[in-house]
Amino acid sequence: MGLLLLVPVLGFLFLATFGTNRYALPTYLPNHVDSILVKGKWQRDTVYHQLGDFHLVSQSGRVVSQKDLTGNVYVASFFYTTCVGACPQISSQLTRVQEQFRREPRVKLVSYSVDAEHDSVAALANYAERYGAIAGKWFFLTGDKPQVYKLITQDYRLPEPTGVAPGLEHSQQLFLVDRDKRIRGIYDGTKQKEVDRLITEIGVLLYTYDHDDTARH
């Protein structure tokens with residue numbers, strides 16, 4: 001618990017001492033490079049991929065879309081409820097993330113099921129309860145296979161899940177998504193040190209937003 005609290009504090013102290021420009025998070029999944037004219041000179045500007053919309057059913061039975069996450073930072077992951085491999089490890093690590101940002105309304109968690117055939121609303125609700133998911137903060141989502149697989153391959157640019165449940169193989173990565181729907185971090189969700197880094201980098205994003213919003217006013 002001490003380490004859990006210390007990691008983001010160190011991130012904040014680092015930023016306060018050295019400034020956000022020295023610890024800028026990368027942006028993943030470049031789409032293309034544009035040339036723009038700035039003060040009479042052409043400059044190259046990389047345009048990054050933004051996640052598209054979706055409409056999936058949550059553990060409460062309510063349809064959730066990208067609009068429900070507007071203005072928030074969120075951690076995206078993929079799982080299925082009958083998984084006995086990496087999923088329990090990842091879900092336990094996400095519980096740490098939820099606890100760290102329990103009182104921060106701008107941070108959400110979104111776990112997409114890759115097994116729509118078996119992951120009903122009731123199954124999602126039981127799974128969410130098992131890991132202490134807070135309603136409105138941690139969403140477990142399911143939907144028809146074509147929509148979910150489109151989300152996986154086109155939005156997160158991952159390979160299609162392979163195998164047949166309960167031996168289904170899928171990504172064990174976690175994705176940090178910023179309020180502009182861009183991916184700002186990718187982590188191995190089974191490793192505590194990687195999730196410690198995720199927690200710190202969520203803090204970096206929030207600090208940056210607070211700093212930028214204050215500067216505008």
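Only heavy atoms go into these numbers, but all of them, side chains included; no hydrogens, no water, no symmetry mates. Just so you know, residue 1 is the first one in the sequence shown, and it goes up from there. Treat the numbers as computed from the prediction; the structure is a model and nothing was measured.
The main-chain N or O of A123 is never found under 3.5 Å from a side-chain atom of N126 such that the two would form a donor-acceptor pair. The backbone N or O of D180 lies less than 3.5 Å from a partner atom in the side chain of D178, making a donor-acceptor pair. In this structure, the side chain of Q66 engages the main chain of G52 through a donor-acceptor pair within 3.5 Å. Not one N or O on the side chain of D188 forms a donor-acceptor pair closer than 3.5 Å with the backbone of Q173. Side-chain N or O atoms of Q98 include one that pairs as donor or acceptor with a backbone N or O of I134 at under 3.5 Å. H49 places a side-chain N or O within 3.5 Å of a backbone atom of D155 that can act as its donor or acceptor partner. T70 places a side-chain N or O within donor-acceptor distance of the main-chain N or O of K67, the cut-off being under 3.5 Å. With hydrogens and angles ignored, the 3.5 Å screen pairs a side-chain donor or acceptor of S58 with a backbone N or O of R62. Listed for the H170 side chain is no donor-acceptor partner under 3.5 Å among the backbone atoms of T162. Side-chain atoms of K108 never come within 3.5 Å of backbone atoms of A76 as a donor-acceptor pair (strictly under, hydrogens ignored).
Closest approach of G189 and V195 over heavy atoms only: O-CG2, 4.2 Å. The nearest pair of heavy atoms linking S111 to S77 is OG-OG, 3.0 Å. Contact between A116 and G143 at its shortest, heavy atoms only, is CB-O, 2.6 Å. Contact record, S171 with L158: CB-CD1, 3.8 Å, taken as the closest heavy-atom pair. Between G136 and F139 the shortest heavy-atom distance is O-CZ, 3.5 Å. Of all heavy-atom pairs spanning T153 and P159, the tightest one is CG2-C, 4.4 Å.
Applying the ring pair (Phe, Tyr, Trp, His ring centres under 6.0 Å) rule to pairs touching residues 171-193 yields Y156-F175, sequence neighbours excluded.
Residues L141 and S113 have side chains not in contact (no heavy-atom distance under 4.5 Å, counting atoms from C-beta outward). Y149 is listed as a side-chain neighbour of P161, based on a closest heavy-atom distance under 4.5 Å. The shortest side-chain heavy-atom distance between Y127 and F140 falls under the 4.5 Å cut-off. Proximity of T81 to H118: side-chain heavy atoms (C-beta onward) are nowhere separated by under 4.5 Å. The shortest distance between side-chain heavy atoms of V177 and V75 does not fall below 4.5 Å. Looking at heavy atoms from C-beta onward, I183 lies in side-chain contact with L51 at the 4.5 angstrom threshold. Looking only at side-chain heavy atoms (C-beta outward), K137 and V107 come within less than 4.5 Å of each other. At least one side-chain heavy atom of Q192 sits less than 4.5 Å from a side-chain heavy atom of R96.
Y131 and W138 have tilted rings, their planes meeting at an angle from 30° to 60° on a 0 to 90° scale.
Looking only at atom types and distance, the side chain of Y80 has no donor-acceptor partner in the side chain of E117 under 3.5 Å away. Residues T27 and R184 have side chains that bring a donor and an acceptor to within less than 3.5 angstrom of each other. Counting only N and O atoms by type, the side chains of T142 and D119 include no donor and acceptor under 3.5 Å apart.
In the hydrophobic clustering, V63 connects to V57, V121, either directly or through intervening members, whenever side-chain heavy atoms lie under 4.5 Å apart.
For the pair R106 and Y209, the cation-pi test (distance below 6.0 Å, angle within 45°) is failed.
Between Q50 atom CD and N31 atom CG the span is 8.5 Å, to the nearest 0.5 Å. Once rounded to the nearest 0.5 Å, the distance linking CD of Q172 with NZ of K191 reads 8.0 Å. Separating the CG atom in L124 from the OG atom in S60 is a distance of 10.0 Å, to the nearest 0.5 Å. Separating the OG1 atom in T200 from the CD atom in Q100 is a distance of 8.5 Å, to the nearest 0.5 Å. In this structure, CG on L206 lies 6.5 Å from CG on D210, to the nearest 0.5 angstrom.
Here the two rings, on Y112 and F54, have centers that are under 6.0 Å apart.
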Practice prompt. In sequence, state the C-alpha distance, the side-chain angles, and the governing distance for I186 and L174, and then conclude on side chain to side chain contact (heavy atoms under 4.5 Å, CB included).
Written response: CA-CA 6 Å; I186 301 176; L174 303 178; over 6 Å; no
Item to complete: Show your reasoning for whether side chain to side chain contact (heavy atoms under 4.5 Å, CB included) applies to L25 and T208.
Response: CA-CA 10 Å; L25 297 185; T208 302; over 6 Å; no
Worksheet entry | Check against side chain to side chain contact (heavy atoms under 4.5 Å, CB included), L109 and Y74 | CA-CA 5 Å; L109 297 91; Y74 66 93; over 6 Å; no
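The number of heavy atoms from other shown groups lying within 6.0 Å of CD (E104) is above 12.
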